[in-house]
Every structure is written in C-alpha cells, then in structure tokens.
Protein chains: 2
Amino acid sequence: MDLPGRKKKILQAIIRTYLETGEPVGSRTISKYTDLHLSSATIRNEMSDLEEMGLIVQPHTSAGRIPTDRGYRMYVDELLEGKNQEVEEMKSLLLEHEDHLENLLKQAAKLLANNTNYASLISMPTISGNKIKFIQLSQVDRNHILAVIVIEGNLVRNSMIEVDEALDSEALLKLNMLLNSALDGLAVENISLGLIAAIKKQAGIHSELVSHVMDAAAEAIRTDGRPEIYTSGADNIFKYPELAEQSMASQIIGDFEEKKVLGNIVQNTLADSGGKEGIQVYIGDEVPASARGMEECSVVTTTYDLGGGMKGTIGIVGPKRMDYDKVVDALKTVMHQLEDYYKK
Amino acid sequence: MDLPGRKKKILQAIIRTYLETGEPVGSRTISKYTDLHLSSATIRNEMSDLEEMGLIVQPHTSAGRIPTDRGYRMYVDELLEGKNQEVEEMKSLLLEHEDHLENLLKQAAKLLANNTNYASLISMPTISGNKIKFIQLSQVDRNHILAVIVIEGNLVRNSMIEVDEALDSEALLKLNMLLNSALDGLAVENISLGLIAAIKKQAGIHSELVSHVMDAAAEAIRTDGRPEIYTSGADNIFKYPELAEQSMASQIIGDFEEKKVLGNIVQNTLADSGGKEGIQVYIGDEVPASARGMEECSVVTTTYDLGGGMKGTIGIVGPKRMDYDKVVDALKTVMHQLEDYYKK
DNA sequence: GTTAGCACTCAAACGGTATGAGTGCTAACA
DNA sequence: TGTTAGCACTCATACCGTTTGAGTGCTAAC
C-alpha cells in the first residue's frame, strides 16, 4: 500500500501523538500539531479516508481516532525514522564487569527494562553446532560418577550418575579415552544409534554407564531446545492503563512467569531472523505462538550472536503504543554491547 | 491475652466468614452462623468489645467488621484447627519422576500455587556444612582449564579458567592430587588464607591457577548465600481484589521478579525456624525485611531438609484473608514429599 | 444477661442533567 | 476542485440528588 504524502504525514502525526498521550486524537489537535497548516475540517476528511483504509478507528462515535494494528504496521514499516534519542546513558551504564554469562544477561535485561519502561526478556544463547569438545568421567565417591561434558563455546553440563560399585581408576581412564576419541568434535544431534551401540560394545561391562553419559549429552541439547529465559520489569506494564487492567495484566504476568509463551517468541525470533536490520516487530495479533493475553501488546525482538554459533534473543514487551524508535535503539545498543563484550 | 470462650467463638466465626467472603461481616450473619443461638444484638455487644481490644475494626461506620492484623494473629495462634481439607489431590499429584533438583522444585512450586490459588516460592537448598568432596582440573583446550568442584550433597560447580599455555598432563595430575588431599572434607568457609598460601607454595609456577580455583570455590558459597528462588502463580494475586489493585499488584509482582525481598523472607525463615511445627506465619506488617508493598499480604513459610545439611524454604504469599488451614496443610504435604522423595 | 425495637449512618446503586470533545455534513469560498 | 467555516448531532464522562439496604449503637423491656 502506498499512501499519498499528506495522508502519510497525517497518519504519522496521529500515531505519534497517540503514542505520547495514549488517548484518542482528534482532528483539531492534528491541525495544530503538524506544519501542514490545514484546518481541522480538512483533517477530518483525510481521517475519514484513513479510517476507510483500515489504518485508524474511533473507539466510539464521537471520539478521536486511534491506530489499528494495520496502522501501527504501516507506521513501523514506513514511517519510522530513527529519532536518535538519548539512550546515551545506556551506552555508559551497561555491563559492569561480570564473569558469568548468566549474570551478564540478567543485568542486561534489567538495564533494558529500566531504560525503556517496558518489560524485557533475554534468552540464554543456544548453540547451533552443538559440537562436543570434551568429556570426562570422574569417580566422586563409591556410588557416584560425575560426567562433565563441555560443548563448543565452553558451555559445561554435568550429570551425576549413580553406580552400584566403584570403577577402578584404570577402567575409568580407558572409558574416558574411549568416549573422547569417539565423540570429540561430533555434533550432538549427529550421534546415531549405531554409534552408541558401537561404543557400548567397546565399553564391555560398563555399557550401562555409557548410556547414562549419552543421556546426559542428549539432555544438554534438550535444555538448549528450551533455553533459559530471564526477564525484568514485568511490573512496568502497570504503567500503561490498557495493560494494567486486571484480566490483561494477569495473563501477561502469567506468561512472564510461566515462560512458555516467551519461549515461543524466542524460537520464532531465532527462526525468522530476517526483518529490518535484524529487528522483529510483532504487533498485537502478530505475536507468535497463540500467545493468549498478548493481543494488546507489541513485542520487539532481535537476535544477538556471541560467535561460535551461540545465538540468543533479546526483546521488549509493551503496549502497542510503545515508543518503537526508542525500543529499537535500545535493543540495538544492548545487542552490540553484548556482542562486543563477549568477543573481546 | 486470653479471651473468654464465647468471645473466642465469635471472633473465630467472624474471621472464618471473612476469609470466605472477603466482605465485612455483620452481627446478623454471625447470629445465624454460630450454634450459640444468640441474637444479633448480643453479638453486637460482643463485637463492640472485640473492637475495643483491637481485634476487629469497621472499615466505616455503618459496615460490618473485619479482622485487624492482631485479630489474624490470634486466629492463627490460638483458633486455628486443622480442618483436614482435601489437599488429597496433591498427595497423588506431586512429583512425577524428575532427576534434576531444579526441575523438581519448579514442579513443586507450580503444584503448590495451583492447589492453593496463592503465589508460591521455593528456594534452592543451601548447604550448611559446605564440605568439599572432590575437585578436579581438566585441560579442555590450549587456553582453558575446567575446574569442577563437588560439594557434599553432590552439588556440582564448575568454573572455566583461562590460561596462557597448556599444562602437561603430569603437572595436571599432580595439581589435582595436591588440591584433593589439601581440601577434601574441608568446609569451604574454613579455608584460611594461610592454607591457600601453603597450597600456592606447593603448586609452584601454577600458583595463579590455584588461586583461580579457590575463587571458584568461594563463589560456590557466595551463590549459596543468595540462593536461587523459584516462584509460581504470581498471577494468582489478581484473584483477590485487595491485592489486584494496581499499585499493590505492581509492587508484589516487582518483588516476585526481582527476588530480593523474597530472598529476605527465605533468609528469615531459615534463621528463626521455630514456629508451630516449623511453620512460620507472617501477617501484614510482620513480613520481614521491610518488604515494600507486602503490607496487605500474609506469608506462610516452612523449611525443608533434604539431609546432608541441605535446607531450603518453601512458602506461600497471599492476601491476609488466606485460608491458613489449607495453606499450612499444603506446605506440610509438599515439604514431606520433597524430603521423602529426595532421601529415597 | 439477653433481646426487641428504633433512630441513625453511610456506601453503593440509580437516574437525570450538564459538559465538552469530537464528529459528519453542507454550503460557501479561492 | 480542494479547503474551510459553521452547525447539528453523538456520546462518554462527570456531577448531583435520591433511594436503598446493610449494619450499627442505644434504650427499654423481659
């Protein structure tokens, strides 16, 4: 759809002011707000047209207009122009020294929420390759063997395996060598049943132990399939009346705690990370994964890439009338900082 | 304070009905509800007395009475009697097979929230002894050494250490033996500076590596100091009008996401785990740790003990007019199951 | 000590009346 | 033909007085 310039400007003006005030905007307001120097009557005519096109609606007969989902869509796709606001502070604020990726991400989420006044989410990176780098079995006590598995990107998983009796250190050494030489450099999802059988055979009496280790490896993927998600600022939704209403808030809060819906959003973002400059904007019903209760929200996400195939999602959840410019800027800032910080 | 029997019964009746309805209860209601066969006028006189004692109040002149914090306190301390409700379902429901403690706890939290219709919290157990059971360094690649530390109770921590150049396998073996013999069985908080210096000395050129390992061990305690907390059913608060009100809800949700306040509650519970049968009830202002926004809530907690010095907290957050009987039952049920399950 | 009766209070619900923001339409104007 | 002023109309919201009903305190009688 291509709008004539004037309608474009008017739509832009309507949405801009609506973003600020959250209240239906009338023709008179626009008449004064724009530099078009048109009377309110003329604006009314144009508005009438825009309404016919499905870009704006009146909540009731004698009210001003508010954007529809399609209206927002057009705004985001065509009328958005970096306003270069002061997300400056973030640039300096972010990332006091933090060793653990987990804490770094939590901090980033908090920062994002505080600076935008929306709710933020951030997922632990998944590893695309899933190559196994190192495996080690250790005897911890008589009945327990600890399996440590290091995956490309230095992610560590461990699994405590219960055994009937202790292995002697020689057998342990052998098993370790066997596992390492068989699995080193292999992508976890490529481990075939045949390979497992072969290893088991070589392991002889310890075949049961081996299958436990394989289970742990499989689990390492499984937890990557539903990556950990950290959130912050869920309470920010109460700042926006259209979300603060009980049934709405209840559902959103539920989603944020349950994390199932958020997981879907993350999956979606990682899957179709096309979008303008890698930014995804979901408006209202566009929010993926039949997210009950998210109909009144917009979700903006992007993917960060820590190298080594480690990719995660950061995102913002807020009312449809969110400050898209600011949010996009903030996301980009955090994304870049995250990437720089980790690569250094 | 000791109340005469009749006043006791009346107070109990008032609170009971208020817990159910959430609305101020009048004299006529009580007159019919109790088996005392007293007229509403008599009840009114008694009520007037109870009000003078600070156990109940009227929200406004011509309204019924609602309990004060002190009223609730008395109810909980003296008038509560196990009603043995149907928390039956929980007994069968709980705990489908789960290997990971983390998942087990998450599941328990969810169950608790679903069955009570309040918000639940559950903390990862802290380890009181903190005895080190096993340490192992492994060369993962040229520049990384993985330190795995197993603590009594089979909790595993790992820390990736960056090094300038690879150690030969003999040196690694030596270091491992050195660390194990020096630290095995030692409580982490008992590691003295002197001991560290001694180990460093013996480690010779690898002293730097050793200090990294010690840091990781220290970190293992640190994260235990602020244990992970899982929550569920925070959205349940919207079921209770007195909590669903915006400013209130916003703060509670904030607390649940931030987890700082919850952490204080957990600390508190672990500290003074006295209480009737180990159950702690905090009513309104009694909630520990200057919990902003929790004034309208009651918090019921207890401590679970997985053996081996591993203790954690489970709790329920709800409106003051919560069904204390049911909540106490539910907490006990989950606590016992948790303990049984883990010990088996 | 208990109860019936009565006057009184007050939140909440109800209904009618402004108020005002905003519209659509028409007719005049450039 | 596009723009504008003017006017009648709509409708959510606020305001105000009235009614309703639940509940109280007090008093007098049992």
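Just so we're on the same page: letters track the sequence lines, and every chain starts at 1. Keep in mind that what you see is a predicted model, and the values were worked out from it rather than measured.
The CZ atom of B:Arg44 sits 14 Å away from the P atom of D:dT27 (whole-angstrom rounding). Between A:Asp49 atom CG and D:dT3 atom P there is a gap of 11 Å when expressed in whole angstrom units. Here C:dA21 presents its P atom at 17 Å from CD of A:Gln58, a figure rounded to the nearest Å. Rounded to an integer number of Å, the gap from CE of A:Met47 to P of C:dT23 is 5 Å. Counting to the nearest Å, the C1' atom of C:dT23 and the CD1 atom of A:Ile56 are 12 Å from each other. B:Arg28 has its CZ atom 16 Å from the P atom of D:dG25, to the nearest Å. The NE2 atom of B:His60 sits 9 Å away from the C1' atom of C:dT9 (whole-angstrom rounding). B:Ile66 places its CD1 atom 16 Å from the C1' atom of D:dA22, with the value rounded to the nearest Å.
Here the rule is side chain to side chain donor-acceptor pair (under 3.5 Å) with B:Ser298, and of B:Tyr118, B:Tyr324, B:Tyr282 only B:Tyr324 fits it.
Residue-level contact check: B:Ser40 touches neither bases nor backbone, having no heavy atom under 4.0 Å from any strand. A:Thr42 comes within 4.0 angstrom of a base, heavy atoms only.
Distances shorter than 4.0 Å separate some side-chain N or O of A:Arg65 from OP1 or OP2 on C:dT23. Contact between the side-chain N/O atoms of A:Thr61 and the OP1/OP2 oxygens of D:dC11 is found at a separation under 4.0 Å. An OP1 or OP2 oxygen of D:dT24 is reached within less than 4.0 angstrom by no side-chain nitrogen or oxygen of B:Ser48.
Mapping B:Ser39 and B:Ser62 onto DNA chain C by nearest heavy atom places B:Ser39 at the nucleotide closer to the 5' end.
In secondary-structure terms, DNA chain D builds stems of at least 3 consecutive Watson-Crick or G-U pairs, each pair having both distances under 3.5 Å, at C:1-30 with D:1-30.
With sequence neighbours excluded, no residue satisfies salt bridge (Lys or Arg N to Asp or Glu O under 4.0 Å) with B:Lys260. By the side chain to side chain contact (heavy atoms under 4.5 Å, CB included) test, A:Asn114 is found to be paired with A:Lys110, residues two or more places apart in sequence or in another chain being considered.
Atom OG1 of A:Thr269 sits about 10.5 Å away from atom CG of A:Asn264, to the nearest 0.5 Å.
Classified by interplanar angle (parallel below 30°, tilted 30° to 60°, perpendicular above 60°), the ring pair A:Phe238/B:Phe238 is parallel.
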Can you list the steps and then say if A:Ser39 with A:Thr42 is a side-chain hydrogen bond (donor to acceptor under 3.5 Å, both in side chains)?
CA-CA 5 Å; A:Ser39 79; A:Thr42 312; 3.2 Å; yes
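Within a 6.0 Å sphere centred on CZ of A:Arg73, heavy atoms belonging to other residues, nucleotides or ligands number more than 12.
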